[in-house]
Protein chains: 2
Amino acid sequence: MSDGAIDVIEKEAGAEPRNGERRRGIDRVIMLLEALLRHRAPMRVGDMAKMIGAPRSTTYEIVNSLLEAEMLENVGSEGYVYFGRAMHLFGWAYSHHNAHYRRIIETLDRLAAETGETVQLCGLRGNKYVVLDCRDSPGPFRISSDVGVEVPIPWTASGRLLLGHMNEEQLRDFIPAGDYKLPDGRIIAQAEFFADIATAGQQGFSETAALADRFTWCMAAPIQDGHGAINRTLCFVLPVDTPEPRRSELLALLRERARGLSLAGD
Amino acid sequence: MSDGAIDVIEKEAGAEPRNGERRRGIDRVIMLLEALLRHRAPMRVGDMAKMIGAPRSTTYEIVNSLLEAEMLENVGSEGYVYFGRAMHLFGWAYSHHNAHYRRIIETLDRLAAETGETVQLCGLRGNKYVVLDCRDSPGPFRISSDVGVEVPIPWTASGRLLLGHMNEEQLRDFIPAGDYKLPDGRIIAQAEFFADIATAGQQGFSETAALADRFTWCMAAPIQDGHGAINRTLCFVLPVDTPEPRRSELLALLRERARGLSLAGD
DNA sequence: ACACTATGTCTGAAATACCAGACAAACTAA
DNA sequence: TTAGTTTGTCTGGTATTTCAGACATAGTGT
């Protein structure tokens with residue numbers, strides 16, 4: 001745990017508070033929750049303080065307030081803290097507040113139950129791709145992923161659909177240069193990526209094989225809103241070695257369901 | 001404006017609400033989110049301000065901060081605001097952070113898929129009962145309920161299990177007198193309720209027929225933690241007219257699954 | 001034993017976040 | 001039109017919150 005060199009992570013890129021700057025409690029809360037989400041595991045108050053660059057005393061006060069509100073909760077007995085029950089309730093309220101989202105969730109459930117495969121609902125968050133919800137396939141060796149984790153758009157099948165409305169110039173501005181580099185070091189050529197986007201838009205689906213990792217075959221189909229825009233995709237995450245007939249069967253099913261969820265627009 | 005429809009949430013936990021006093025932003029945030037949860041629908045900023053008893057200017061500032069963080073989001077174009085995407089992500093992180101909860105969710109999914117009935121995970125929040133998660137039965141006429149809504153404990157089957165560790169005196173202190181009154185005006189006798197609790201604890205399940213409403217038969221089974229305490233229940237919400245054989249079949253299934261989720265303890 | 005580091009709580013003091021209230025603009029109803 | 005309401009924004013002043021730092025205690029490693 002203790003590294004030799006004591007590099008307290010100087011806050012990442014951009015405007016950071018001058019030494020001895022004061023911040024609002026609200027902003028601290030927001031930073032803290034986002035830090036916790038990125039970290040994806042219970043943290044101790046001291047580490048949170050470092051992560052968000054806040055004084056320890058302040059952090060304790062904030063954390064205690066949030067604990068009392070059940071927005072955070074103690075995990076274990078060693079001072080670790082993570083999201084609390086209230087968050088679950090707020091989040092649930094969010095995802096059910098409109099009928100369209102509810103239909104999407106039901107479809108997700110049905111697709112998962114019928115096929116036994118991992119199904120995801122995806123979208124964008126800023127200039128990254130995120131899994132908004134998912135149903136993991138059952139069985140001991142599932143391929144699964146965490147909701148809320150941000151991934152470079154070019155790594156994903158869904159990303160190729162979600163960017164369909166942009167022209168090349170917009171795309172160049174939108175996607176950070178580093179995001180073309182895959183985890184294994186390969187680089188995706190911009191021209192190829194742009195061509196993929198065009199193709200995906202035309203055929204109304206997108207597939208990637210062993211792109212972000214070696215063992216998955218992803219297929220995505222667009223959910224269109226009332227104006228024909230694509231903000232969400234439905235997608236299957238399959239083992240790469242899934243045989244072709246099964247794949248096309250699943251793709252057809254996915255496209256049909258995604259079309260069923262698209263709003264009026266036609 | 002007539003404030004008939006809007007209840008003011010006086011802050012319960014923490015500092016006392018002296019009239020016209022200054023409050024911290026954090027506390028305002030907490031009150032605001034709780035108010036929004038209770039209201040269960042998008043609200044306008046002005047109404048929120050009234051609900052939490054905050055000045056409008058302050059409320060605008062807070063809401064804008066939360067909007068920027070995606071903890072809230074605009075709904076429609078008329079200034080309505082509701083929970084945002086970040087809440088969904090936080091909530092998802094909460095409900096998956098520990099393996100036990102994940103197992104519970106899987107069981108919920110399986111139970112719903114196998115039986116086609118409405119299944120719920122229930123617990124306490126303060127001195128009220130809440131549905132923590134649920135899977136609604138499919139079909140046009142489902143019996144469903146909202147996650148996060150608080151209900152008086154005596155109205156519920158699960159409540160009878162969740163209070164099993166309390167003696168009569170503690171129960172009397174814990175449950176507000178008004179909570180014995182059912183929506184249709186009937187009053188549950190305390191003695192009877194206490195007896196129900198004892199019975200539920202002995203038999204390891206609890207059932208209620210047409211209690212909180214006229215059309216549901218509820219059955220609940222306890223999930224025990226490592227110390228044998230009951231913090232959660234699994235429960236079916238059935239139509240009252242479900243035939244007896246089907247009911248006992250479901251009850252057996254429910255008890256078996258809940259037992260499977262209970263932790264080592266013995 | 002020692003030296004170090006981290007936790008959780010308190011305190012005084014100053015920077016500022018919150019509040020009251022004003023304002024223009026939009027909307028409603030007569 | 002007028003009169004009344006509500007929305008969203010802005011400003012100045014001050015009551016309060018954030019901050020730095022100290023402290024006792026607990027844990028870790030040599």
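Chain naming here is simple, since letters A, B, ... match the order of the sequence lines and numbering starts at 1 in each. Not measured: the values here are computed from a predicted model.
- The existence of a salt bridge linking B:Glu150 and B:Arg125 is confirmed by a sub-4.0 Å separation between a basic side-chain nitrogen and an acidic carboxylate oxygen.
- Below the 3.5 angstrom threshold, one finds a donor paired with an acceptor across the side chain of B:Ser57 and the base of C:dA20.
- In this structure, the nucleotide among D:dT7, D:dC19, C:dA20 sitting nearest to the side chain of A:Pro55 is D:dC19.
- Here B:Arg24 pairs with A:Glu61 in a salt bridge; the nearest charged N to carboxylate O distance falls below 4.0 Å.
- Atoms CE (A:Met51) and P (C:dA6) sit 16 Å apart, rounded to a whole Å.
- Closest to the side chain of A:Arg28, out of D:dC19, C:dT7, D:dG8, is D:dC19.
- Proximity of B:Leu121 to B:Ile223: side-chain heavy atoms (C-beta onward) are separated by under 4.5 Å at one or more points.
- With the nearest nucleotide of DNA chain D identified for both B:Gly46 and B:Glu61, B:Gly46 has the one nearer the 5' end.
- Considering only the side chain of A:Thr58, D:dC19 comes nearest among D:dG8, C:dT7, D:dC19.
- Distance CD1 (B:Ile26) to P (D:dC19): 10 Å, rounded to an integer number of Å.
- Under a cut-off of 6.0 angstrom, the local environment of CD in B:Glu68 is sparse, with at most 12 non-hydrogen atoms contributed by other residues, nucleotides or ligands.
- Regarding A:Arg44, its CZ atom lies at a distance of 15 Å from the P atom of D:dA26, rounded to whole Å.
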Please step through side-chain contact (heavy atoms from CB on, under 4.5 Å) for the pair B:Asp133 and A:His88, ending with a clear verdict.
-> CA-CA 9 Å; B:Asp133 213 328; A:His88 175 63; 3.7 Å; yes

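- Atom CZ in B:Arg24 sits roughly 18 Å away from atom P in C:dT16 (whole-Å rounding).
- When distances run from any side-chain atom of A:Asn64 to the nucleotides C:dT7, D:dC19, C:dT9, the shortest one goes to C:dT9.
- The nearest whole Å value for the distance from the CG atom in A:Leu67 to the C1' atom in C:dG8 is 13 Å.
- Here C:dT7 is the nucleotide among C:dT7, D:dT7, C:dC19 with the atom lying nearest to any side-chain atom of A:Arg56.
- The nearest whole Å value for the distance from the CZ atom in A:Arg23 to the P atom in C:dA14 is 23 Å.
- Put simply, OH on A:Tyr60 is 17 Å from P on D:dT18, counting in whole angstrom units.
- When rounded to the nearest whole Å, the span between CD1 of B:Ile62 and P of D:dT9 equals 15 Å.
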